[in-house]
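Below: the structure, in structure tokens.
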Number of protein chains: 2
Amino acid sequence: MDQIDRKIVRALQQDGRITVLDLAEKVGLSPTPCARRLDRLRRDEVITGYSAQVDPEKLGFGVTIFVSVELEKQDRNAIDAFERAILRCDEVMECYLMTGSRDILLRVVARDLTAFDAFLENRLMQIPGIRNLRSNFALRAMVKRDVLPMATG
Amino acid sequence: MDQIDRKIVRALQQDGRITVLDLAEKVGLSPTPCARRLDRLRRDEVITGYSAQVDPEKLGFGVTIFVSVELEKQDRNAIDAFERAILRCDEVMECYLMTGSRDILLRVVARDLTAFDAFLENRLMQIPGIRNLRSNFALRAMVKRDVLPMATG
DNA sequence: ACTGAAAATGACGCGCG
DNA sequence: CGCGCGTCATTTTCAGT
């Protein structure tokens, strides 16, 4: 992971469909070694995939909700079980295990509040071991970034 | 936005570098009309871009922190000013305007706690109009998804 | 369907550490 | 000495018309 690798990763975060030729020029390499580095970055799982950025509203997901979940038990088994269950919920875009009261933070998308209510009732609250929930609604996203900061190196 | 468009968007979220040929086959179209739809989806900003998915840890960003910010005033001007300021912070990967006490939720990445402290001191707390802050630390990401749920249609 | 461009692959020599 | 770059060439595949 040298400076050129970081440039490659950065360029690909900014434009995931850039060609190897353009990428090579951008980072100051010729195409073949650039492609070799790209292969390595994927093998090492620095780059784990590629994705289109989509406007959720245009797909009908107008609502974003953050849900704090506190589990009854916070041992490994309880957390693993919750994790397996939450992986099956497509509405959950992000899920973080937090410090402190060792609760869990979810970012959930939904079509509207009715759909979110259905998610809570039929999905989230069906998961055993939940002590309590707290939902906070987002009015809008001010920032949604896909490019990590420059690692100082 | 019909069912085929949704399939296209879904496939591109799953693999942002899929070729038009493979995409066409996947959604049951021939390449040319598939490419036309793709152009339209980009023009309509349903698809806003493409990005590589990167493992933050492998780039040295081992720490994720959620920061709740409460502003002194919650009028349009104060929020706009905060938004402009936060856009300049590369460490802020997401920022949501919330309901309730109309505060703001940030997801911040940092190299370590020292770097996060520097961000708080030199960046975030330099923004005027902040009444208070509350930081919550993530132990790890359980789920990080880039594919929106299927819109029922 | 066609044409130009790009990707994937491999071989080879070179230079810098 | 060896790793990584550059160059070149080839074949296959893709994009755009």
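The basis for the numbers below is simple: all heavy atoms, side chains too, and nothing from hydrogens, waters or symmetry mates. Every chain is numbered from 1, with letters handed out A, B, ... down the list of sequences.
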Approximate separation, where rounding is to 0.5 Å, of A:K26 NZ and A:Q14 CD: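 Answer for the NZ-CD pair, A:K26 versus A:Q14, is 5.5 Å.
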
Distance (rounded to the nearest 0.5 Å) between B:R140 CZ and B:E57 CD: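 Taking CZ in B:R140 and CD in B:E57, the distance rounds to 11.0 Å.
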
Atom of [X], atom of [Y] and distance for their closest heavy-atom approach:
X: A:R145; Y: B:L87; result: NH2-O, 3.5 Å
X: B:I104; Y: A:M142; result: CD1-CE, 4.3 Å
X: A:L59; Y: B:V46; result: CD2-CG1, 4.4 Å

Spacing of [X] atom [atom1] relative to [N] atom [atom2], expressed in whole Å:
X: A:R37; N: D:dG4; atom1: CZ; atom2: P; answer: 8 Å
X: A:I8; N: D:dG4; atom1: CD1; atom2: P; answer: 13 Å
X: A:L38; N: C:dA6; atom1: CG; atom2: C1'; answer: 14 Å

Angle by which the axis turns from one end of the helix from C:dA1-D:dT17 to C:dG17-D:dC1 to the other, five pairs per end, to 10 degrees: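 Both end axes considered, the difference amounts to 40°.
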
Derivation of the side chain to side chain contact (heavy atoms under 4.5 Å, CB included) call for B:L38 and B:I47: CA-CA 9 Å; B:L38 189 46; B:I47 294 171; 3.9 Å; yes

Residues A:E70 and A:N132: side-chain donor-acceptor under 3.5 angstrom: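 A:E70 vs A:N132: donor-acceptor pair found between side chains.
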
B:V109 vs B:T64, side chain to side chain contact (heavy atoms under 4.5 Å, CB included): CA-CA, chis, key distance, verdict: CA-CA 5 Å; B:V109 297; B:T64 295; 4.2 Å; yes

Working for side chain to side chain contact (heavy atoms under 4.5 Å, CB included), residues A:V9 and A:R6: CA-CA 5 Å; A:V9 169; A:R6 278 188 280 269; 5.7 Å; no

Using a cutoff of under 3.5 Å, can you pull out all pairs of nitrogen or oxygen atoms linking the protein to nucleotides 14-17 of chain D, with atom names and distances?
residue	atom	partner	partner atom	Å
D:dA15	OP1	B:V20	N	3.3
D:dA15	OP2	B:V20	N	3.2

Within 6.0 angstrom of B:K7 NZ, more than 12 heavy atoms from elsewhere: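 No - once you tally the heavy atoms of other residues, nucleotides and ligands closer than 6.0 Å, there are 12 at most.
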
For nucleotides 12-15 of chain C, give me every protein contact, N/O to N/O, under 3.5 Å, one pair per line with atom names.
none

